[in-house]
Amino acid sequence: MKQIIFRADTISEDIEVLKVDENGNEYFSAIDIQSLMDKLKKMKPIATDNKRQKLIFLDDQYIAFNDKCVVINQQEHKRIVTYQNKAYNILFPNSIYFIDYVDGKIKNIEAYSYKEYEGKETELFKYPMPNMLTENRICIGSAPRSIVNNDYVKALENIIFTQYTHSHVDNIKSFKETIKYFEYLSSNKFPYDLLISTRYKLKDIL
């Protein structure tokens, strides 16, 4: 086992490292801080220079993120949802989710839909699903909120897969009842012509 014993004080900028001469006598020899750091790196590089520790892998679903919010873009796809203990395999529209989080748990999800993705110029529409609150927020209720291994997409899916409880849908034209809406989406393409505009573009929300 290799050891480096050193001492420092507040007066000198140098560090003194303990050495042993050929006769076994111990003495302290001055060394500058950078030389000490170089010695420590040679002993155990991973302890002092592990720049890739805790990197977060981002796939093409991520639009933007910081230490409090992640923005996820999901294109139209089939998804199994449940309502009143019945499963429906429905077509979800193109959607963008703003996920606010604190201490590894989802605090709030703001959701929108879109027809064509055009970067910051993307026109946003109201999220056409049940369980919506005011200000385009998803009602999370008792759904699991934990974010495991920085997998924000999985955390989002866990909430969406939780059984819907609202009997009505407000953010799309021509539909009001959740059951009839899910029955329609189970056997038809998503009706993008029925979306309701928010009058915002993505750049207005970012």
Side-chain angles (χ1 to χ4, degrees), residues 56-65 69-101 104-119 122-198 200 202 205-206:
I56 300 174
F57 177 77
L58 301 179
D59 62 24
D60 57 4
Q61 295 184 73
Y62 290 85
I63 296 177
F65 71 95
C69 179
V70 171
V71 185
I72 293 174
N73 173 22
Q74 291 190 335
Q75 296 182 351
E76 176 187 286
H77 63 287
K78 282 277 189 177
R79 197 185 242 134
I80 296 176
V81 298
T82 56
Y83 176 67
Q84 293 186 345
N85 297 316
K86 182 178 179 180
Y88 298 87
N89 189 12
I90 68 175
L91 191 62
F92 261 66
N94 303 321
S95 302
I96 293 176
Y97 303 90
F98 288 74
I99 302 175
D100 300 322
Y101 63 94
K105 293 185 180 294
I106 292 178
K107 182 179 180 181
N108 177 66
I109 300 177
E110 195 173 317
Y112 301 89
S113 184
Y114 65 91
K115 296 179 180 179
E116 298 289 338
Y117 185 72
E118 299 175 339
T122 301
E123 184 179 357
L124 300 178
F125 295 83
K126 291 187 176 182
Y127 188 68
M129 288 294 151
N131 285 32
M132 292 299 292
L133 304 173
T134 58
E135 299 177 339
N136 304 298
R137 293 178 295 119
I138 292 178
C139 178
I140 299 177
S142 60
R145 295 170 179 253
S146 295
I147 303 167
V148 180
N149 296 326
N150 296 314
D151 194 338
Y152 300 93
V153 173
K154 178 63 175 176
L156 171 65
E157 297 293 345
N158 288 340
I159 289 175
I160 294 177
F161 286 147
T162 300
Q163 181 162 229
Y164 283 88
T165 58
H166 294 200
S167 62
H168 59 279
V169 55
D170 298 321
N171 292 342
I172 191 163
K173 302 171 185 176
S174 301
F175 290 97
K176 288 298 179 185
E177 297 178 33
T178 297
I179 290 180
K180 291 183 178 180
Y181 185 48
F182 282 177
E183 287 176 346
Y184 175 85
L185 293 179
S186 296
S187 55
N188 292 277
K189 294 182 179 180
F190 189 85
Y192 284 97
D193 58 318
L194 300 181
L195 289 176
I196 300 173
S197 177
T198 63
Y200 293 124
L202 182 56
I205 308 297
L206 288 172

Legend entry - side chain to side chain contact (heavy atoms under 4.5 Å, CB included) assessment of Val169 paired with Tyr164: CA-CA 11 Å; Val169 55; Tyr164 283 88; over 6 Å; no
Inset, instruction - Look up atom CG in Leu156 and atom CG in Asp151, then write down how far apart they are to the nearest 0.5 Å. - result: 10.0 Å
Inset, instruction - Please identify each residue that fulfils salt bridge (Lys or Arg N to Asp or Glu O under 4.0 Å) with Glu157, with sequence neighbours left out. - result: Arg79
Legend entry - By ring-ring contact (aromatic ring centres under 6.0 Å, His included) - contacts of Tyr184 (at least two apart): Phe175
Inset, instruction - Would you name the heavy atoms of Leu195 and Lys115 that are closest together and state the gap between them? - result: CD1-CG, 4.2 Å
Inset, instruction - Not counting sequence neighbours, which residues clear side chain to side chain donor-acceptor pair (under 3.5 Å) with Glu76? List them please. - result: Tyr192
Legend entry - ring-ring contact (aromatic ring centres under 6.0 Å, His included) involving Tyr200 - partner list, sequence neighbours excluded: none
Legend entry - Heavy-atom check, side chain of Gln74 versus side chain of Val153, under 4.5 Å: yes
Legend entry - Distance (rounded to the nearest 0.5 Å) between His77 NE2 and Asn94 CG: 10.0 Å
Legend entry - Sequence-distant partners of Ser146, side chain to side chain contact (heavy atoms under 4.5 Å, CB included), two or more places apart: Lys105
Legend entry - Residues that Asn108 engages under side chain to side chain donor-acceptor pair (under 3.5 Å), provided they are two or more places apart: Asp100
Inset, instruction - Working to the nearest 0.5 Å, report the span between CD of Glu123 and OG1 of Thr198. - result: 7.5 Å
Legend entry - Test item: Thr178 side-chain N/O and His168 main-chain N/O as donor-acceptor pair under 3.5 Å: yes
Inset, instruction - Answer yes or no: does atom CG of Asn149 have more than 12 heavy-atom neighbours from other residues, nucleotides or ligands under 6.0 Å? - result: no
Legend entry - Atom pair CD1 (Ile80) and OH (Tyr88), whose distance is rounded to the nearest 0.5 Å: 13.5 Å
Legend entry - Those residues that, when tested against Lys154, pass side chain to side chain donor-acceptor pair (under 3.5 Å) (two or more places apart): none
Inset, instruction - Answer yes or no: are there more than 12 heavy-atom neighbours, outside Lys78 itself, under 6.0 Å from its atom NZ? - result: yes
Legend entry - With sequence neighbours excluded, residues passing side chain to side chain donor-acceptor pair (under 3.5 Å) with Asn73: Tyr114
Legend entry - From CD1 (Ile196) to CG (Leu124), nearest 0.5 Å: 14.0 Å
Inset, instruction - For the residue pair Tyr101 and Tyr152, categorise the inter-ring angle as parallel (less than 30°), tilted (30 to 60°) or perpendicular (more than 60°). - result: tilted
Legend entry - Side-chain heavy atoms of Ile172 within contact of Pro191, under 4.5 Å: yes
Legend entry - Spacing of CG belonging to Asn85 relative to CD belonging to Gln163, to within rounding of 0.5 Å: 4.5 Å
Legend entry - For Lys86, salt bridge (Lys or Arg N to Asp or Glu O under 4.0 Å) partners two or more places apart: none
Legend entry - Contacts of Ser167 that satisfy side chain to side chain contact (heavy atoms under 4.5 Å, CB included) - sequence neighbours left out: Tyr83
Legend entry - Closest approach of Asn158 to Pro144 (non-hydrogen atoms, all atoms of both residues): CB-CG, 4.0 Å
All N/O donor-acceptor pairs, side-chain side in residues 126-140, below 3.5 Å, sequence neighbours left out:
| unit_1 | atom_1 | unit_2 | atom_2 | d |
| --- | --- | --- | --- | --- |
| Tyr127 | OH | Tyr97 | OH | 2.8 |
| Asn131 | OD1 | Thr165 | N | 3.2 |
| Asn131 | OD1 | His166 | N | 2.9 |
| Thr134 | OG1 | Arg137 | NH2 | 3.3 |
| Asn136 | ND2 | Tyr112 | OH | 3.4 |
| Arg137 | NE | Thr134 | O | 3.3 |

Legend entry - Any residue meeting ring-ring contact (aromatic ring centres under 6.0 Å, His included) with Phe98, in chain and number order, not counting sequence neighbours: none
Inset, instruction - Mind listing the closest non-hydrogen atom pair of Ile90 and Ser186 along with its distance? - result: CG2-OG, 3.6 Å
